[in-house]
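Just so it is clear, the model here is predicted, and its values are computed rather than measured.
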Amino acid sequence: MTLLTEMTAAQATALWSGLMVLLMVFLAARVIMSRRANRVLLGDGGSAEVALAARVFGNASEYIPAGIGAMVALTLLGIPGLAVHVIGGMLFLGRLIHAFSLSNRKPTIGRVVGMSLTLLALLGAGSMLVVHAFVGSPHG
């Protein structure tokens with residue numbers, strides 16, 4: 001835990017952004033493997049399995065870039081590393097839980113938890129950015 005608390009905001013942003021990029025690569029690989037297994041060259045080819053894998057990846061790609069962008073902007077504003085860890089950790093955990101819960105092909109509590117963590121992280125980051133736009137940053 002000491003390692004995390006000693007990180008700068010830039011290091012925290014790098015950690016969480018890197019983990020989320022790796023998650024997206026993993027989810028993209030699942031789409032590729034599903035397309036190969038189902039002999040689909042483009043789109044989903046009418047395969048429910050390919051469509052689900054693509055949707056899981058698509059869902060992650062809709063939220064992760066906004067979160068990474070927000071963490072970068074917060075870092076540039078001089079926000080403490082701990083705040084970036086909270087935002088990044090919530091977003092990564094939310095996306096991870098949601099991706100694996102969505103893969104179950106049926107509604108689960110994991111989807112609700114994952115989306116809730118994702119939206120809370122984005123709401124927190126967005127709120128901090130708006131406040132800092134008007135009052136400036138006491139950190140930098």
Side-chain angles (χ1 to χ4, degrees):
M1 188 65 151
T2 303
L3 179 65
L4 292 180
T5 58
E6 291 178 0
M7 283 185 178
T8 64
Q11 289 171 311
T13 296
L15 171 67
W16 296 112
S17 296
L19 287 172
M20 285 184 269
V21 167
L22 291 173
L23 174 60
M24 288 183 66
V25 169
F26 174 78
L27 296 175
R30 287 178 57 191
V31 174
I32 293 166
M33 291 185 304
S34 181
R35 282 187 176 143
R36 281 188 170 182
N38 290 282
R39 301 183 194 280
V40 174
L41 293 176
L42 294 172
D44 62 26
S47 165
E49 179 185 329
V50 175
L52 178 62
R55 190 60 230 134
V56 170
F57 172 78
N59 192 277
S61 68
E62 291 164 358
Y63 291 98
I64 287 175
I68 290 173
M71 287 189 301
V72 169
L74 289 169
T75 298
L76 292 172
L77 287 168
I79 296 296
L82 181 59
V84 176
H85 278 303
V86 170
I87 297 296
M90 285 175 56
L91 183 61
F92 179 70
L93 187 59
R95 293 292 78 214
L96 192 64
I97 291 170
H98 188 269
F100 286 99
S101 296
L102 189 59
S103 297
N104 286 334
R105 301 176 194 244
K106 60 183 176 184
T108 65
I109 190 69
R111 288 175 66 185
V112 174
V113 170
M115 235 15 255
S116 296
L117 285 169
T118 297
L119 293 177
L120 282 172
L122 292 176
L123 179 64
S127 298
M128 284 190 270
L129 289 168
V130 169
V131 167
H132 278 73
F134 290 103
V135 299
S137 174
H139 309 290

Over 12 foreign heavy atoms within 6.0 Å of CZ, R36: no
How many angstroms lie between atom [atom1] of [X] and atom [atom2] of [Y], to the nearest 0.5 angstrom?
{"X": "L102", "Y": "L27", "atom1": "CG", "atom2": "CG", "result": "10.0 Å"}
{"X": "S47", "Y": "R35", "atom1": "OG", "atom2": "CZ", "result": "10.0 Å"}
{"X": "E62", "Y": "F57", "atom1": "CD", "atom2": "CZ", "result": "10.0 Å"}
{"X": "L96", "Y": "F26", "atom1": "CG", "atom2": "CZ", "result": "9.0 Å"}
{"X": "M20", "Y": "L15", "atom1": "CE", "atom2": "CG", "result": "9.0 Å"}
{"X": "I87", "Y": "L120", "atom1": "CD1", "atom2": "CG", "result": "9.0 Å"}

How far apart are the closest heavy atoms of [X] and [Y], and which atoms are they?
{"X": "T13", "Y": "M71", "value": "OG1-O, 3.5 Å"}
{"X": "Q11", "Y": "E6", "value": "OE1-O, 4.2 Å"}
{"X": "P65", "Y": "A60", "value": "CD-O, 4.0 Å"}
{"X": "G94", "Y": "T118", "value": "C-OG1, 3.6 Å"}
{"X": "A12", "Y": "G81", "value": "CB-O, 3.9 Å"}
{"X": "V40", "Y": "G43", "value": "CG1-O, 3.4 Å"}

[X] with [Y], same ILVMFWY side-chain cluster at under 4.5 Å:
{"X": "F100", "Y": "M33", "result": "no"}
{"X": "M115", "Y": "V113", "result": "no"}
{"X": "V72", "Y": "I79", "result": "yes"}
{"X": "I109", "Y": "I97", "result": "yes"}
{"X": "V86", "Y": "L91", "result": "no"}

Main-chain N/O of G58 paired to S61 side chain as donor or acceptor, under 3.5 Å: yes
Answer whether the closest heavy-atom distance between the side chains of [X] and [Y] falls below 4.5 Å.
{"X": "H132", "Y": "L74", "result": "no"}
{"X": "R95", "Y": "N59", "result": "yes"}
{"X": "L129", "Y": "L77", "result": "yes"}

Derivation and outcome, side chain to side chain contact (heavy atoms under 4.5 Å, CB included), residues I68 and V21: CA-CA 9 Å; I68 290 173; V21 167; 4.2 Å; yes
Ring geometry between W16 and F92 (parallel below 30°, tilted from 30 to 60°, perpendicular above 60°): tilted
V84 vs M7, side chain to side chain contact (heavy atoms under 4.5 Å, CB included): CA-CA, chis, key distance, verdict: CA-CA 10 Å; V84 176; M7 283 185 178; over 6 Å; no
